[in-house]
Amino acid sequence: MNKVKVHGWVESIRILKNVKFLVVRNWNGKVQLTIKKNEAPTEVWKAVDKLTRESVIEAEGKQVVEKVARVDAEIKPEKIEILSLAQTPLPLDPTLPIDTGDPSIEIKEPKTLFSTRFKHRSLDLRNPRNQAIFKIQAALVEGMEEWLNKNGFLRVFTPLIIGAPSEGGAEVFKVDYFGREAFLRQDPQLHRQLTIAGGFEKIYDLGTSWRAEKSHTRRHICEFRSCAVEMAFIKDEMDVERVEAEIVKAGIKKAVEKCEREFKILNVEPEIPKTPFPELRFPEIYEILRGYGKKIPYGENYDEESEEILWSYVRENYDTDFFFVNRFPFKSKPFYVMKADDTWARSIDLIYRGLELSSGGQREHRYHVLVEQIKEKKLNPKLLEWFTEPFKYGVPPHGGFAVGVERLTMQLLNLYNIRDATLYPRDPERSIP
RNA sequence: GCCCGGGUGGUGUAGCCAGGCUAGCAUAGGGGCCUGUCGAGCCUCUGACUCGGGUUCAAAUCCCGACCCGGGCGCCA
C-alpha cells in the first residue's frame with residue numbers, strides 16, 4: 001500500500017456511527033477519505049467533527065486499491081491537517097448545478113443563480129466545470145501562440161493607455177494621465193500598424209482591450225482579451241484569412257490534445273476545424289440573405305441575425321462552423337481599412353457558429369489615400385497625425401486581425417454567456433470582484 | 001443609447017394577477033437517530049418579504065420613485 005498525500009477543499013462530509021467519509025476536491029480531481037473508527041488514529045477520527053464544507057485540508061495515508069464510484073481515488077488517512085476552516089453557511093455552494101442563464105437548459109434545484117455566482121466568483125470557480133473552462137482557454141491561447149512563434153511572428157506589447165481614441169464608434173474609458181486626458185485602448189490595432197511601420201514584419205499582441213459600451217448582451221463585456229496579429233508584405237486580405245484560419249485551428253487543436261478530461265466535464269465534443277475556411281463576400285451576401293427572407297438594403301452592413309443566417313447557409317453548403325465574410329461596405333468600417341473599390345472594403349470578419357469572433361483585413365498603407373479616407377470619415381486628420389505621420393516614410397502593404405479570446409472559448413464550449421468564459425467579468429453592472 | 005423582465009431566510013424558490021388572520025417548500029446551518037455512504041434517509045430547531053413614499057381599516061401582494069440584477073436591439077471582440 002502506497003502512502004500518499006492529498007490536499008484540497010472538503011466537498012462533502014458524511015459522519016456515520018462507525019465510519020466517516022470526506023470527499024476532497026482539488027483541481028486534479030476528487031479523492032475520498034475514509035475514516036473507520038476502529039482503524040483510524042483517534043485524532044483523525046475527531047478532527048473530522050470540526051470540519052466544515054469547503055475547508056482546506058491536507059491529509060496523508062494509505063491508498064485503497066479498490067476503485068470507488070464517482071471519485072478518482074480513495075485514501076485511509078493517518079493524518080489530517082486543517083489548513084483553513086471555512087465559515088458556514090456558504091453564500092454559494094460550488095457543488096450545485098450552475099445557472100448559466102440559458103433558458104433551454106432546465107436545471108434541477110437547488111442551483112446557484114447567475115448573479116450570485118459572480119458575486120462570489122472565487123467560490124464559484126471551485127466548481128470543476130468552471131476550472132475546466134479556463135484550462136481549455138489557456139490551451140487555446142497556448143496553441144495560437146505556439147503556431148505564431150513557429151511561423152516567425154514576434155510577440156510585442158503595445159500600450160494599453162493611449163493618448164487619443166483609436167477608433168470611432170465604440171466608447172472609451174477615460175483615465176487621468178497626470179492631469180491630461182488619456183484612454184484605455186479599444187483595440188491594439190493602430191499601434192500594431194505603427195510597429196509594422198517600425199520594420200517589424202510579423203507581430204502579435206496578446207492582451208486586454210476595453211469598451212465603455214453599456215452593452216446588455218450575453219456576448220459583450222467591457223474588458224476582454226484578444227490575440228491580435230499584424231503582418232507585412234501581404235498580397236491582399238486573403239493572406240490574412242489563411243493565417244487566421246491556421247491560428248484558430250492550432251488553438252483548438254492544442255485544446256483538444258491537452259484537455260480531454262475538461263471537455264468531458266463540460267460535456268463538449270470538440271471538433272478540429274478544417275482549413276481553409278470558406279469565404280462569403282459582399283455584395284453576394286445580400287442575395288444569400290434574401291434567400292432566407294432577410295432583406296438588407298444594398299450597400300448597408302448586416303446585423304446580428306444575419307450572422308446566424310449565414311451560419312446556417314455555410315453549414316448547409318460547406319459543412320463548417322467557421323467562415324469569413326469579406327468586402328464589407330466601406331462606410332460601415334473604420335478609416336484605416338483598405339478599399340477594394342469605392343464601395344467595398346478589404347475588411348474581413350471571422351464568424352464562428354454565428355458569432356463574430358474576429359475582425360480584420362488589409363489596412364491602407366498609402367499615406368495620401370489614408371488621409372483621404374480620414375476626411376471621408378469626417379475625422380480630423382490633425383488629431384490622427386500621431387498615427388498617419390509614419391506612413392509618409394515607407395510602410396509596406398499589411399494586414400491583420402484580432403481574435404477574441406473569450407468569444408473563442410465561449411463558442412467552442414457552447415457557453416451561453418461570455419461571462420462564463422471570463423474569470424472576473426467586467427460589465428456595466430460589475431467591477432467587483 | 002433604446003426596450004423588456006426580475007429583486008421573499010445563507011442559497012434556490014412558492015405566494016403577487018383576484019390585498020387580510022402563524023409567508024409555504026427545498027437546500028444549507030445547529031442538535032439527535034441511522035446506513036461503506038454515493039446530490040442518502042428520518043426527527044427537531046434557527047432563519048426572509050431590497051429601500052423610500054403613496055393608496056387602504058389592512059400591503060410581500062396595488063401605485064410611484066430609488067438602488068441592484070438578468071436579458072433583447074444597436075455596436076462590436
Side-chain angles (χ1 to χ4, degrees), chain A residues 11-23 30 32-37 39 52-54 64 66 68-71 74 76 86-103 107-120 123-124 167-171 185-189 207-228 301-305 307 328 332-334 349-352 355-360 401-411 416-419 421-422 427-430 432:
Chain A
E11 185 166 292
S12 73
I13 304 163
R14 311 212 50 240
I15 297 177
L16 313 179
K17 199 175 197 174
N18 296 309
V19 61
K20 293 172 180 173
F21 301 101
L22 297 179
V23 174
K30 291 174 188 179
Q32 179 169 279
L33 305 185
T34 304
I35 303 119
K36 286 191 170 178
K37 196 177 187 178
E39 283 180 3
T52 52
R53 296 173 63 228
E54 294 304 317
V64 178
E66 315 88 72
V68 178
R70 297 231 194 159
V71 287
E74 180 172 335
K76 294 196 169 169
Q87 281 188 30
T88 58
L90 297 163
L92 181 149
D93 187 340
T95 66
L96 291 179
I98 279 175
D99 172 30
T100 60
D102 187 344
I107 310 167
K108 259 194 268 179
E109 282 166 3
K111 61 181 178 180
T112 59
L113 204 64
F114 193 78
S115 65
T116 310
R117 290 179 44 213
F118 289 94
K119 194 171 164 188
H120 306 283
L123 274 167
D124 182 45
E167 286 181 42
E171 291 292 323
R185 72 179 184 189
Q186 300 150 284
D187 193 296
Q189 164 70 32
T208 309
S209 297
W210 293 265
R211 304 273 161 92
E213 295 271 2
K214 283 193 175 173
S215 298
H216 289 101
T217 81
R218 51 196 168 85
R219 57 188 185 283
H220 290 93
I221 39 179
C222 295
E223 180 180 273
F224 63 96
R225 268 58 47 178
S226 62
C227 178
N301 199 359
Y302 60 34
D303 57 13
E304 163 71 15
E305 191 192 21
E307 288 177 346
F328 280 86
S332 65
K333 289 289 167 183
D349 275 9
L350 176 57
I351 314 291
Y352 179 20
L355 181 71
E356 183 177 338
L357 188 64
S358 144
S359 63
F401 57 88
V403 174
V405 171
E406 290 87 355
R407 285 204 173 172
L408 177 59
T409 311
M410 173 189 184
Q411 293 304 87
Y416 184 73
N417 194 311
I418 195 165
R419 280 158 255 229
T422 315
D427 62 35
E429 279 72 42
R430 188 177 283 106
I432 289 172

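Order of the sequence lines sets the chain letters (A, B, ...), proteins ahead of strands, with each chain counted from 1.
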Which pair of non-hydrogen atoms, one from [X] and one from [Y], has the smallest distance, and what is that distance?
X	Y	result
A:His220	A:Ile418	N-CG2, 3.8 Å
A:Pro428	A:Glu213	CG-O, 3.8 Å
A:Glu11	A:Lys30	OE2-NZ, 3.1 Å
A:Thr116	A:Pro91	CG2-O, 3.9 Å
A:Asp349	A:Phe328	OD2-CZ, 3.4 Å
A:Glu406	A:Ala421	CG-O, 3.5 Å

Describe the nucleic acid contact of [X] in one word from base, sugar-phosphate, nothing, applying a heavy-atom distance below 4.0 Å.
X	result
A:Arg225	nothing
A:Lys20	nothing
A:Asp303	sugar-phosphate
A:Leu123	nothing
A:Glu406	nothing
A:Thr217	base
A:Leu408	nothing
A:Leu355	nothing
A:Arg419	sugar-phosphate
A:Thr34	base

Whole angstrom is fine here: how far is it from [atom1] in [X] over to [atom2] in [N]?
X	N	atom1	atom2	value
A:Asp93	B:A26	CG	P	17 Å
A:Trp210	B:C75	CH2	C1'	20 Å
A:Leu33	B:G36	CG	C1'	14 Å
A:His220	B:G74	NE2	C1'	9 Å
A:Arg219	B:G70	CZ	C1'	15 Å
A:Arg218	B:C4	CZ	P	20 Å
A:Ile15	B:C38	CD1	P	16 Å
A:Gln189	B:A77	CD	P	9 Å

Between the protein and nucleotides 41-48 of chain B, which nitrogen or oxygen pairs are less than 3.5 angstrom apart?
none

In the strands shown, is [N] matched to any nucleotide by a Watson-Crick or G-U wobble pair with both distances under 3.5 Å, and which?
N	result
B:A60	none
B:G1	B:C73
B:G29	B:C45
B:C51	B:G65

Atom pair [atom1] ([X]) and [atom2] ([Y]), whose distance is rounded to the nearest 0.5 Å:
X	Y	atom1	atom2	answer
A:His216	A:Asp427	NE2	CG	7.5 Å
A:Thr112	A:Phe118	OG1	CZ	9.5 Å
A:Lys76	A:Glu39	NZ	CD	4.0 Å

>> Please report the distance separating the P of B:A60 from the corresponding atom of B:C51, rounded so that it comes out in whole Å.
In response: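 Result for the P pair: 11 Å, nearest Å.
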> Using the C1' atom in both, what is the distance from B:G20 to B:U55, to the nearest Å?
Replying inline: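 Here B:G20 and B:U55 have their C1' atoms 16 Å from each other.
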Looking at residues at least two apart in the chain, or sitting in another chain, which of them share a side chain to side chain donor-acceptor pair (under 3.5 Å) with [X]?
X	answer
A:Thr409	A:Gln137
A:Glu305	A:Lys294
A:Thr34	A:Gln32, A:Glu74

Using the test salt bridge (charged side-chain N to carboxylate O under 4.0 Å, His left out), find all partners of [X] that sit at least two apart in sequence or belong to another chain.
X	value
A:Glu307	none
A:Asp93	A:Arg53
A:Arg117	A:Asp124, A:Asp420
A:Glu429	none

> On a plain distance test, is the side chain of A:Glu304 in donor-acceptor contact with the base of B:C76 below 3.5 Å?
Replying inline: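 Per atom types, the contact qualifies.
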> Between A:Leu96 and A:Glu223, which has a closest nucleotide on RNA chain B that is more 5'?
Replying inline: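 Result: A:Leu96.
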Which of these nucleotides, [options], is closest to any side-chain atom of [X]?
X	options	answer
A:Lys17	B:U13, B:C34, B:G39	B:C34
A:Ser358	B:A77, B:U13, B:G72	B:A77
A:Ile418	B:U11, B:G36, B:A77	B:A77

Report each atom pair, protein N/O against N/O of nucleotides 6-10 of chain B, whose distance is under 3.5 angstrom.
{"residue": "B:G10", "atom": "O2'", "partner": "A:Leu90", "partner atom": "O", "Å": "3.3"}

Atom pairs under 3.5 Å, N or O on each side, protein against nucleotides 1-3 of chain B: can you list them with distances?
{"residue": "B:G1", "atom": "O6", "partner": "A:Lys214", "partner atom": "O", "Å": "3.4"}

>> Is A:Thr116 close enough to B:G12 that one of its side-chain N or O atoms is under 4.0 Å from OP1 or OP2 there?
In response: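 Yes, within the criterion.
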Write down the protein N/O and nucleotide N/O pairs, taken from nucleotides 65-69 of chain B, whose separation is under 3.5 Å; answer none if there are no such pairs.
{"residue": "B:C69", "atom": "OP1", "partner": "A:Glu429", "partner atom": "O", "Å": "2.5"}

>> Which residues pass the ring-ring contact (aromatic ring centres under 6.0 Å, His included) test with A:Tyr416, not counting sequence neighbours?
In response: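 Counting only residues at least two positions away or on another chain, A:Tyr416 forms no ring-ring contact (aromatic ring centres under 6.0 Å, His included).
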